[in-house]
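What follows is a single structure, written as structure tokens, with notes after it.
Per chain, numbering begins at 1; letters A, B, ... match sequence-line order.
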Amino acid sequence: MAAVLTPQGEDFPRWYQDVVAKAEMADNGPARGTMVIRPYGYAIWERMQAELDVRIKATGAENAYFPLLIPLNYFSREAEHVEGFSPELAVVTHGGGEELAEALVVRPTSETVIGEFMAKWIQSHRDLPLRLNQWANVVRWEMRPRLFLRSSEFLWQEGHTAHATREDAVRYLMTIHLDVYNDFLVNVLAAPTYLGMKTPRERFAGALNTITAEGMMKDGKALQMVTSHDLGQNFARAFEVSFQSEDGQSEYCHTTSWGASTRLVGGLIMTHGDDQGLVVPPRVAPIQVVVIPVRDDDAVAAAVARIVADLAGAGVRARADQGRGSFGRRVTDWEIKGVPLRVEVGPRDLAEGVVTLVRRDTGEKITRPIEGLASAASALLEVVQADLLAAATVRRDGATRDVASVDEALEAAQEGFARLPWAAVGEAGEDRLNAEAVTVRCLTRPDGSVPESIEETGLLAIVARSY
RNA sequence: CGGGAAGUAGCGCAGCUUGGUUAGCGCGCCUGCUUUGGGAGCAGGAGGCCGCGGGUUCGAAUCCCGCCUUCCCGACCA
């Protein structure tokens with residue numbers, strides 16, 4: 001059988017593009033760097049949204065929506081923020097056929113507008129914490145766009161919170177990072193990451209601290225999957241977000257922001273995909289089971305319809321694919337799309353009252369009675385979910401080398417990740433790494449937890465090439 | 001934005017060096033029949049501002065200039 005996709009080992013970037021195209025995930029838009037997300041790709045994003053949204057709300061945050069267009073002067077109120085974002089702003093200068101008195105920025109992120117409104121809404125310590133989240137699109141004029149990974153316009157959720165104390169802000173930020181993001185990454189995407197803090201040079205513009213989850217792609221490069229920022233009082237000062245404390249003093253709030261974007265779809269593709277195409281973990285899969293008749297006759301069609309109904313009744317996202325092309329064609333199409341389980345139904349199976357279940361991740365074929373199939377499939381989906389996480393964890397650990405020096409880290413980073421004492425890197429070491437297109441992805445504690453401060457002793461640097 | 005490659009049918013490509021009538025091929029698509037346990041076969045058919053704009057020329061897919069877009073390597077980044 002001829003290869004449908006460029007093999008990963010031959011040309012990984014090409015494989016990625018082939019998957020995006022052939023799995024009908026997305027197309028390039030007409031303007032540079034823009035992306036048309038096709039129904040299948042969008043359905044995966046919607047699953048991600050649903051899983052994240054419920055976790056975000058469980059922390060006490062509420063959804064809201066702020067405007068796309070932000071007055072340009074908002075950006076100059078926080079010095080580092082304006083410096084960081086100016087190069088990539090899209091600016092609207094004309095409206096209604098006339099030049100605008102003040103240019104408007106198409107939001108690259110919303111700390112500024114949201115800060116402005118938090119200032120209006122917060123008067124008293126009783127108004128705190130204020131925890132907002134919005135699902136929105138943002139625009140950043142990126143130098144080198146790639147579908148999902150870095151598009152000029154992308155979709156995301158951005159959370160913004162204000163707290164009375166730094167302690168409360170940081171505590172909440174860790175809840176978001178661990179209970180929302182890491183839980184989602186591990187238990188839904190089956191994508192283990194390295195958790196840690198960014199070095200000062202990799203920090204978000206205007207933040208005191210940025211924490212990250214760095215995923216390992218199958219080519220050994222890193223991808224920042226999510227990000228959470230401790231903004232201290234920087235934005236609160238810039239936008240006058242203050243409150244009256246219990247003892248009557250006026251104080252600036254401590255704010256946070258945190259986001260997860262459509263980049264996650266790219267991360268999903270490169271974490272689990274193989275030479276046959278996408279591999280979608282069951283919990284994010286828009287279609288968990290596809291039921292394919294081996295032969296399109298009435299008896300088989302009736303059995304297929306019954307099986308799909310049973311699966312749906314058991315809460316499994318299932319669909320049939322019949323009356324379209326040959327059997328082999330249908331099989332490969334769904335393999336490319338990464339549907340976790342396939343049920344093959346043919347006359348020979350029906351005669352024996354069984355069907356064939358095929359796992360996308362391992363290719364394993366299992367014969368099962370039609371009776372009780374829905375519960376067997378549900379159980380198998382959970383096994384697939386767990387096995388994908390286990391396999392990804394083995395890959396991550398296997399491609400991470402503990403080294404002692406910057407030179408060794410540079411070598412290890414050609415293949416995967418390197419882990420070494422941060423004390424052996426430092427600013428100078430970071431310069432040397434960056435000169436070779438390698439970066440410190442994050443600083444982590446020896447036990448893998450997120451440091452509170454870069455001053456902690458014994459911190460480890462996770463070093464890699466990245467997207 | 002620097003370095004490299006490329007834009008010809010939905011996708012992948014040939015044609016360009018050496019300008020010349022109706023611009024080809026494979027896959028896909030449409031119709032019909034036969035098929036269907038791992039990308040089906042046969043027959044018939046549809047589909048092109050040759051990326052955009054300008055120039056040279058009797059004549060441009062082909063030569064020249066500008067721009068746009070895509071891909072790869074960097075710097076930037078969710």
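Listed by residue number, A:R140 are the residues of residues 132-140 of chain A with a heavy-atom contact under 4.0 Å to RNA chain B. Residues of residues 36-61 of chain A having a heavy atom closer than 4.0 Å to RNA chain B: none are found. Of the residues in residues 181-203 of chain A, none lies under 4.0 Å from RNA chain B by heavy-atom distance.
Qualifying side-chain contact (heavy atoms from CB on, under 4.5 Å) partners for A:A61, counting only residues two or more places apart in sequence or in other chains: A:I56, A:T59, A:R131, A:Y172, A:W258. The side-chain contact (heavy atoms from CB on, under 4.5 Å) search around A:V92 returns A:L69, A:L100, A:L104, A:V106, not counting sequence neighbours. In this view, A:I370 and A:I307, A:L350, A:V355 satisfy the side-chain contact (heavy atoms from CB on, under 4.5 Å) rule, not counting sequence neighbours.
If you check every strand for non-hydrogen atoms under 4.0 Å, A:T262 touches nothing.
Taking only side-chain nitrogens and oxygens, A:Q17 comes nearer than 4.0 Å to OP1 or OP2 of B:C72. Applying the 4.0 Å criterion to OP1 and OP2 of B:C77, one finds that A:R146 has every side-chain N and O outside that range. Here A:S326 does not reach the OP1 or OP2 of B:U36: none of its side-chain N or O atoms lies under 4.0 Å away.
For B:G38, the base has a donor-acceptor partner in the side chain of A:K365 [N/O atoms by modelled type, under 3.5 angstrom].
At least one donor-acceptor pair closer than 3.5 Å links the side chain of A:Y16 to the backbone N or O of A:L147.
Aromatic stacking is not marked for A:W156 over B:A78, as the cut-offs of 5.5 Å for the centres and 30° for the planes do not both hold.
Applying side chain to side chain contact (heavy atoms under 4.5 Å, CB included) to A:R360 and the options A:H272, A:R342, A:Q276, A:K337 leaves one that passes, A:Q276.
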